[in-house]
Amino acid sequence: MTTEVGSESDVKKVPEVQQQTAPASAEPSQEESPSDPEAAASPEPSSPPADGGPKKEKGISRFLPPWLKRQKSQSQDKPGESSAPPKQESVEAVQEEQEETHGAGAATASTEQTEEEKSIGSADTQPVREEKEEETKEEEQVIPHEASGLSALKLNKKMKMVVCHVTLLDGSQFSCEVEKRAKGQYLFFQVCEHLNLLEKDYFGLSFKDNAEQRCWLDPTKEIKRQIRNSQWQFAFSVKFYPLDPSQLTEDITRYLLCLQLRQDIASGRLPCSFVTHALLGSYTLQAELGDHDPEEHRLDYISDFQFAPNQTKELEEKVVELHKSHRGMTPAQSDAQFLENAKKLSMYGVDLHHAKDSEGVDIMLGVCANGLLIYKDRLRINRFAWPKILKISYKRSNFYIKIRPGETEQFESTVGFKLPNHRAAKRVWKVCVEHHTFFRLVSPEQPTKTKFLTLGSKFRYSGRTQAQTRQASSLIDRPAPYFQRTSSKRISRSLDGAPVVNVSDYSQAAGAGENGPALELNSDSKSQQVEVVEEPDADAATSISSETAFESKLRVQGENIYVRHSNLMLEDLDKTQEDVLKHQASISELKRSFMEATPDPMPSQWDKRLTGSPATTLRLQAQGSAEVKPEVNGQPEVVEVVEETVVIEEVVKAKPKSPAPEVPATVETECAAEVKEERSLSSDSDSEEEAEYHAQPPTTSISTQQIKEEPEEEQEAVLIQQAPPSGIESQPITEAAEPAPSAEEEKPAELPEEEVHADEPLATPDEAPNGHALQAEAPPTLRAAPTEEEEPHIVNGSTSRVEAEHLPQVICCSEPPVVKTEMVTISDTFAAQKTEISTKEVPIVHTETKTITYEAAQLDGNGDGEPGVLMTAQTITSESLCTTTTTHITKTLKGGLSETRIEKRIVITGDSDIDHDQALAQAIKEAKEQHPDMSVTRVVVHKETELAEDED
Amino acid sequence: MAELMSGFGCFTHAMVRAVPQSLARDALRSGGLEVDLLKVQEEYEEYVSVLKHRLGLEVLELPADEALPDCVFVEDAAVVCGDTALVCRPGAQSRRRETEAVKAALTELGLNIVEMTDESATLEGGDVLFTGREFFVGLSKRTNQRGAEILADTFKDYAVSTVPVQDALHLKSFCSMAGPGLIAIGSSEAAQKALKIMQQMSDHRYDKLTLPDDSAANCIYMNLPSKGDVLLHCTPEEFPESAKVFEKLKDHMLIPVTNQEKAKVDGGLTCCSVLINMKKNI
């Protein structure tokens with residue numbers, strides 16, 4: 001079903017990202033989604049890779065627990081996922097528009113458009129073309145029945161399949177058809193199945209990105225989004241080189257490892273001495289050919305094999321000589337001997353990355369099972385074992401490790417390395433995270449439970465650790481599978497010409513799941529550093545106090561803020577969980593609605609514009625509940641901030657003294673959530689994204705590592721695939737939505753009726769009445785939005801659905817009162833960043849800023865409109881994965897009522913690996929959970945994206 | 001079954017070089033002490049005798065060259081590992097030509113010879129510590145980074161880590177291998193610091209044998225057929241405290257060898273020979 005959707009969209013040639021990003025909030029009335037009901041019914045997040053379709057949605061809905069979704073589906077006809085088809089429509093519309101505007105620039109631009117806007121619009125069109133080209137390319141690969149895909153009429157087509165070509169370790173090709181939106185693991189499992197491989201955790205699939213860099217295919221993410229416009233060409237290879245191959249359970253696993261090592265050796269990636277080349281070569285011969293046969297095996301019989309990068313006659317003679325000595329050895333024994341020797345080589349399993357040290361000297365970073373090795377030329381000049389490393393992070397093109405202080409040292413130190421570009425920095429960081437987890441930890445941190453407080457994107461290794469895979473393989477109970485060892489010749493041939501399989505070279509990036517932040521490292525000190533500060537706010541709702549406590553717990557002294565919060569969270573959660581649970585449903589709904597409306601981060605198309613665009617960053621700060629006025633904060637100091645989310649919660653609390661039933665406002669809870677997202681796309685070599693990974697002591701199971709990641713990948717992917725902002729611009733419906741003067745683009749989105757959640761079962765009982773009142777009032781004000789329902793909401797080229805979030809308890813009016821406003825500012829932040837970047841090499845960073853405001857229905861007059869007396873104001877800042885600033889403002893309004901508004905500003909910094917939607921959803925969810933009796937009234941998303949380098 | 005990196009300490013041959021008379025007067029030294037040539041020659045003969053008669057090694061003795069006062073310290077002229085010999089390029093100008101005879105002799109033995117042709121590289125064998133699993137190269141006044149790089153290129157199977165050497169002539173002026181995975185290390189601050197670095201740089205775990213005297217930490221370990229673990233170390237006369245430490249190594253065949261006089265010209269036990277294993281593992 002979902003697949004169908006995908007195919008449809010493809011047919012229409014709509015960039016996939018758009019589809020994916022399209023919020024699920026499409027109009028319920030649309031019946032185009034034939035299969036949707038299913039999707040809605042079974043939105044299991046953990047569904048098998050094969051049917052990855054349903055999960056592809058960018059909307060929040062995918063993050064919702066199944067039960068919630070079910071609920072939703074019941075209450076609403078077809079929530080989120082089912083709405084996929086509508087998206088397509090909107091997408092289509094967008095495209096058409098784009099096409100129209102193609103040559104003429106932003107013809108459709110609204111009257112409010114400034115010249116800048118226009119320029120933006122026109123710039124957008126370029127990327128679109130690219131996308132189309134991509135599409136066409138892909139189309140070719142697509143199976144025949146889709147050939148006619150161009151016609152937009154065929155909406156309900158079969159799922160789009162793409163043929164993936166995988167180069168196996170023996171040099172042969174494995175082709176496999178996968179659904180276009182399948183996740184990496186689907187393909188990986190297909191390959192493993194083909195190979196009859198059970199101990200697959202040591203292996204992975206890699207691909208070459210646009211920059212010809214080898215990247216690991218993240219099993220947990222969609223293939224297409226990872227490879228972007230690259231070919232569907234992959235290489236199966238060893239990702240984690242087992243320290244002791246003899247502990248592998250099956251011969252076939254060892255065999256595959258041998259094949260990998262032969263490649264590594266032949267390509268020179270694994271340096272060996274002459275003697276070693278000869279010895280390993282001789283084992284290869286024994287394994288492949290059996291005993292030396294003087295009759296059959298003349299000297300030239302081995303010339304097809306490549307034993308070394310520069311193979312000499314002398315070497316071949318030596319190989320043959322040694323081959324003779326292996327008489328009687330079985331292939332499995334030969335492989336085992338091969339591995340026993342190969343594993344001793346100093347570069348065995350070392351993943352090298354080019355870098356420069358702080359003084360600009362060329363070095364190599366080698367990531368291996370035991371830690372991080374630093375090489376200068378061939379020399380090892382330093383080594384940081386995992387236990388020595390407290391934190392791994394990257395920021396732009398820099399990669400940092402924080403070192404545990406030695407016995408005599410008092411302070412931890414941080415060592416920084418300069419990578420060629422941001423992506424390289426991220427790659428090495430990822431590889432580190434993965435290797436640490438795989439080799440060092442017993443089990444990867446379970447992200448699920450810790451999700452509570454984890455905003456920000458956390459990348460973590462999603463597979464099994466070595467310990468786990470060993471345990472798993474010890475259970476393997478099958479007769480040794482038969483496999484043919486005829487590969488050597490083929491390998492050597494393929495190596496001669498083509499570079500085909502370079503898995504382990506330095507360029508390869510580790511792709512991994514990005515779920516759990518918590519990885520355990522061997523640091524011990526962290527736990528004590530976490531400080532729990534409780535600042536109960538008497539005035540604030542009880543929920544508030546809980547929030548403060550919660551946040552404060554996150555706070556960690558010093559720099560170790562991020563460390564092990566997840567564990568703490570867990571503990572906390574256990575206690576609070578029950579309380580929180582009540583509200584969870586409503587929260588998630590809220591989140592979802594907001595999230596789904598969240599537009600995708602920067603379209604890549606932006607960069608060209610950005611280059612010329614003025615340097616301005618928009619920062620939205622929501623003040624009044626009703627008035628969301630973006631303020632332009634000159635230059636983004638945000639060099640490092642990729643994404644900033646501000647969630648503002650506004651709560652109106654009725655005071656006991658004057659319970660005025662007539663005044664709905666007083667009684668109900670208003671919640672405005674403002675989400676500000678800033679994303680930066682990296683320009684040439686740099687991006688502002690950064691990530692952190694904290695090492696925790698393995699001994700303590702509690703310890704967790706946090707990984708902060710930057711949105712870059714996603715960003716880039718989005719950039720490429722996203723359609724440029726359509727010329728469609730709707731007028732801001734609410735006053736709150738007023739675009740800042742600097743805003744270049746403004747797009748109000750309207751909420752489809754579906755968006756409205758009929759009711760929130762979990763809503764707090766006492767508030768429900770109030771909520772009703774509110775709701776009743778709210779809708780009218782925001783009514784304007786619904787009128788536009790039929791129009792696709794297109795934000796920045798991506799179709800986004802604006803979903804109104806409503807007070808859960810309230811039965812929403814049919815039309816969601818949410819207004820979405822988007823402002824896009826493209827700025828050249830070069831000047832601003834220049835000061836911060838000491839390195840001359842740092843290229844100009846173009847930043848795009850986008851602000852989107854979602855506003856829940858609210859009484860305009862109530863909140864800020866009425867001048868109140870400020871009673872208290874409190875700001876709490878906590879840092880975890882994301883930076884959260886919470887401001888409590890309690891005002892006294894007319895009639896003796898007091899209103900407490902909570903503004904949360906959440907900065908999400910992350911790269912494309914981060915699921916921003918998810919992060920945002922989390923943020924909103926948390927906000928809701930912390931203040932169950934409040935409602936989110938406004939969400940302003942402010943995105944600042946640095947342009948992707950490759951876009952240039 | 002053939003195996004790489006096995007047989008640490010297994011040697012069949014030892015190359016030594018006779019003491020030139022010029023040593024007493026011209027040999028480089030950091031202490032400026034008077035050297036009794038006769039005593040040096042006595043020590044040398046005892047040393048050779050131990051290798052040849054006590055241990056049964058094939059001793060290859062090169063004639064002295066009066067133009068090369070330090071030529072007795074052959075270790076600095078070449079690094080031999082497995083069947084490959086790296087002919088060094090001594091950092092001390094006056095010692096450069098010591099390599100000629102050494103190279104010729106090693107070539108004759110049938111080893112693969114690698115020469116350092118890079119004019120900017122310097123390397124003396126005294127700065128090279130081979131542990132059986134990896135190399136540590138001291139960056140000293142006599143050995144530079146480039147020299148270490150060439151060594152790394154020569155012995156590709158092994159990790160080669162660099163260790164800054166302070167307050168000593170060579171890395172092995174205060175350390176050496178006293179057994180498989182056992183590093184003998186002096187007690188000085190410089191020695192301990194170097195050890196820390198080595199431990200940090202290594203993927204392997206080493207035990208340490210701490211000697212009160214830095215010079216005593218220079219010993220020779222061998223694993224010989226029919227003799228087992230053999231350790232040539234300082235005499236109690238020279239370093240009584242350190243000798244006691246060695247004596248605690250119950251499993252080793254301990255052979256105290258006098259080195260008092262050569263120490264005056266910064267010579268250690270390891271300096272006076274190049275040990276070679278001609279019995280092919282592979």
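So you know, we letter chains A, B, ... as the sequences are listed, proteins then strands, and number each from 1. On a predicted model such as this, the values are computed, not experimentally measured, just so you know.
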Could you look at B:T84 and say if it's the side chain, the backbone, both or neither that has a heavy atom under 4.5 Å from chain A?
-> neither
List the steps and the verdict of side chain to side chain contact (heavy atoms under 4.5 Å, CB included) for A:K344 and B:R133.
-> CA-CA 8 Å; A:K344 295 176 183 170; B:R133 291 305 303 270; 3.7 Å; yes
B:E134, part contacting chain A, at a heavy-atom distance under 4.5 Å | side chain
Under a 4.5 Å heavy-atom cut-off, does chain A meet the side chain of B:F155, its backbone, both or neither?
-> neither
Heavy-atom pair of closest approach, residues B:A159 and A:S346 | N-CB, 3.1 Å
Relative to chain B, which of A:N382, A:L379, A:L345, A:I381 shows the most heavy atom pairs under 4.5 Å?
-> A:L379
Which residue out of B:T162, B:I150, B:N112 racks up the most heavy-atom pairs below 4.5 Å with chain A?
-> B:T162
Could you tell me whether the side chain of A:R378 and the main chain of B:E149 form a donor-acceptor pair under 3.5 Å?
-> no
The side chain to side chain contact (heavy atoms under 4.5 Å, CB included) partner of B:D203 among A:L243, A:V350, A:N370 is A:N370
Considering residues, nucleotides and ligands other than B:K103, do more than 12 of their heavy atoms fall under 6.0 Å from its NZ?
-> no
A:L280 versus chain B, the contacting section by heavy-atom distance below 4.5 Å | neither
Give a yes or no answer on whether the side chain of B:Q200 reaches the backbone of A:R383 with a donor-acceptor pair at less than 3.5 Å.
-> yes
Tell me, out of B:V160, B:V163, B:D157, who's got the most heavy-atom pairs with chain A below 4.5 Å.
-> B:D157
Filtered by a 4.5 Å non-hydrogen cutoff, the part of residues 210-225 of chain B contacting chain A is none
